[in-house]
Amino acid sequence: MQFFNLHTHKFTNQPEVLELVNQYPQEFDESIPFYSIGIHPWYIVEDRVEADLEIIESKLQEKKCLAIGECGLDKRSKIPFDLQQLVFEKQLALAEKHKKPVVIHCVKAFQELIEIKKRLNITVPMLIHGFSKNEQVAKQLIDNGFYLSFGKYLLQNPELEYVFQSIPNNRFFLETDTVEEGISEVYALAAKYKKLTLSELQEIINNNYNTVFSN
């Protein structure tokens, strides 16, 4: 595997890239080789939650499903926060049951996220996608066992260079999310920031992939 894209919303079908394509229960595409599936905190429909969870649980048992998500907490969302938390915790229970990593969307709720991980004693890997915060938040998350994934904001915000440099090499991933740039461009910038060759960076991410997605 030359490139691993932890989180994208579009399948580009490049042979050198393993893409973890984000899928939703009600808009599922069987043709996608590898995917994550979850209920995003923006798109919770209260009277459909149990039906969505049933679909998610059935997909979690397929080899093509590498993770649950993206799911999580977003204080900017119009969905009531207590409902978001309930739906998130139900998905974490499925992740634990089926031993799948969790791709997390988190906006202005990192303390709550850490509290939930501790309270529920979550043992599966938890990955924050699209990380864009400061070094202090990054360290707190790393210290609490989270992985951080960088992409869109790494490309758009030069100030993230120093945050990214501070992340231990065994605790990060790279992604494209919704940007037009390809994963190879994210890798190139990440290698530059970490002062690594491309092959050194590829080896680090491949090792992280094997650690997190070895189930």
Side-chain angles (χ1 to χ4, degrees), residues 1-43 52-72 88 90-106 122-131 146-152 154-155 169-188 190-191 198-199 201-215:
M1 177 173 67
Q2 288 179 272
F3 300 98
F4 174 57
N5 188 347
L6 178 91
H7 182 75
T8 179
H9 289 262
K10 58 183 180 187
F11 175 54
T12 62
N13 198 20
Q14 300 170 79
E16 72 279 11
V17 183
L18 194 163
E19 295 175 307
L20 189 54
V21 180
N22 189 81
Q23 297 233 54
Y24 300 111
Q26 303 295 330
E27 301 170 14
F28 190 78
D29 182 350
E30 281 286 356
S31 71
I32 290 172
F34 297 103
Y35 61 87
S36 64
I37 184 167
I39 306 171
H40 192 293
W42 293 356
Y43 306 131
D52 283 351
L53 289 169
E54 281 183 25
I55 294 169
I56 290 166
E57 182 158 28
S58 72
K59 298 301 178 189
L60 286 174
Q61 295 169 67
E62 296 184 2
K63 283 210 161 125
K64 296 197 304 181
C65 179
L66 300 186
I68 190 165
E70 64 183 298
C71 55
F88 181 46
K90 287 189 174 192
Q91 291 178 92
L92 290 178
L94 290 179
E96 283 289 313
K97 179 179 176 182
H98 296 284
K99 298 296 173 208
K100 294 282 188 179
V102 187
V103 177
I104 295 168
H105 169 103
C106 187
I122 301 300
T123 62
V124 295
M126 298 178 77
L127 307 102
I128 312 286
H129 105 79
F131 190 75
F146 291 87
Y147 290 79
L148 305 182
S149 182
F150 293 80
K152 178 165 73 173
L154 198 66
L155 293 171
N169 284 350
N170 64 343
R171 298 300 282 281
F172 75 85
F173 287 94
L174 299 173
E175 62 177 63
T176 57
D177 195 9
T178 57
V179 296
E180 288 304 311
E181 290 90 345
I183 192 66
S184 60
E185 291 168 76
V186 182
Y187 266 66
L198 179 60
S199 60
L201 177 66
Q202 287 170 324
E203 184 177 358
I204 286 166
I205 291 180
N206 285 357
N207 287 339
N208 294 347
Y209 173 86
N210 290 333
T211 299
V212 170
F213 298 95
S214 58
N215 183 26

**Student:** Got a sec: does the CD of Q26 have more than 12 other heavy atoms crowding it under 6.0 Å?
**Tutor:** yes
**Student:** Show the numbers, then the answer: is there a salt bridge (charged side-chain N to carboxylate O under 4.0 Å, His left out) between K59 and E54?
**Tutor:** CA-CA 9 Å; K59 298 301 178 189; E54 281 183 25; over 6 Å; no
**Student:** As a quick check of understanding, evaluate ring pair (Phe, Tyr, Trp, His ring centres under 6.0 Å) for Y209 and F173, giving each step before the final call.
**Tutor:** CA-CA 8 Å; Y209 173 86; F173 287 94; 7.6 Å; no
**Student:** With a 4.5 Å heavy-atom cut-off, do T8 and D177 have their side chains touching?
**Tutor:** no
**Student:** Considering residues, nucleotides and ligands other than E180, do more than 12 of their heavy atoms fall under 6.0 Å from its CD?
**Tutor:** no
**Student:** Ignoring hydrogens and geometry beyond distance, is a side-chain donor-acceptor pair present between E19 and T12 at under 3.5 Å?
**Tutor:** yes
**Student:** Could you check whether the rings of H105 and H40 sit parallel, tilted or perpendicular, using 30° and 60° as the cut-offs?
**Tutor:** tilted
**Student:** Quick test of your reading of the model: are K100 and E57 salt-bridged, counting only N-O distances below 4.0 Å?
**Tutor:** no
**Student:** Give the minimum heavy-atom separation between V186 and L155, together with the two atoms involved.
**Tutor:** CG2-CD1, 4.0 Å
**Student:** Quick one: CD on Q14 to OG on S184, what's the gap to the nearest 0.5 Å?
**Tutor:** 7.0 Å
**Student:** Looking only at the aromatic ring of each residue, does the gap between the centers of F172 and F150 stay below 6.0 angstrom?
**Tutor:** no
**Student:** For the CG atom of N22 and the CD atom of E27, what is their distance to the nearest 0.5 Å?
**Tutor:** 10.0 Å
**Student:** Exactly one of I68, L60, V124 should register a side chain to side chain contact (heavy atoms under 4.5 Å, CB included) with H98. Which one does?
**Tutor:** L60
**Student:** Might you point out which heavy atoms bring Y24 and G38 nearest each other, and give the distance in Å?
**Tutor:** CD2-O, 3.8 Å
**Student:** State plainly whether the residues E175 and K152 are in salt-bridge range, i.e. N to O under 4.0 Å.
**Tutor:** no
**Student:** Tell me which one of E62, K64, Q23 satisfies side-chain hydrogen bond (donor to acceptor under 3.5 Å, both in side chains) with Y35.
**Tutor:** E62
**Student:** Measure across P101 and L66 and return the closest heavy-atom pair with its distance rounded to 0.1 Å.
**Tutor:** CD-O, 3.3 Å
**Student:** Please name the pair of heavy atoms, one in A67 and one in V103, separated by the smallest distance, quoted to 0.1 Å.
**Tutor:** CB-CG2, 4.1 Å
**Student:** Would you name the heavy atoms of G182 and T176 that are closest together and state the gap between them?
**Tutor:** C-CG2, 3.7 Å
**Student:** E70 and S36: side-chain donor and acceptor closer than 3.5 Å?
**Tutor:** no
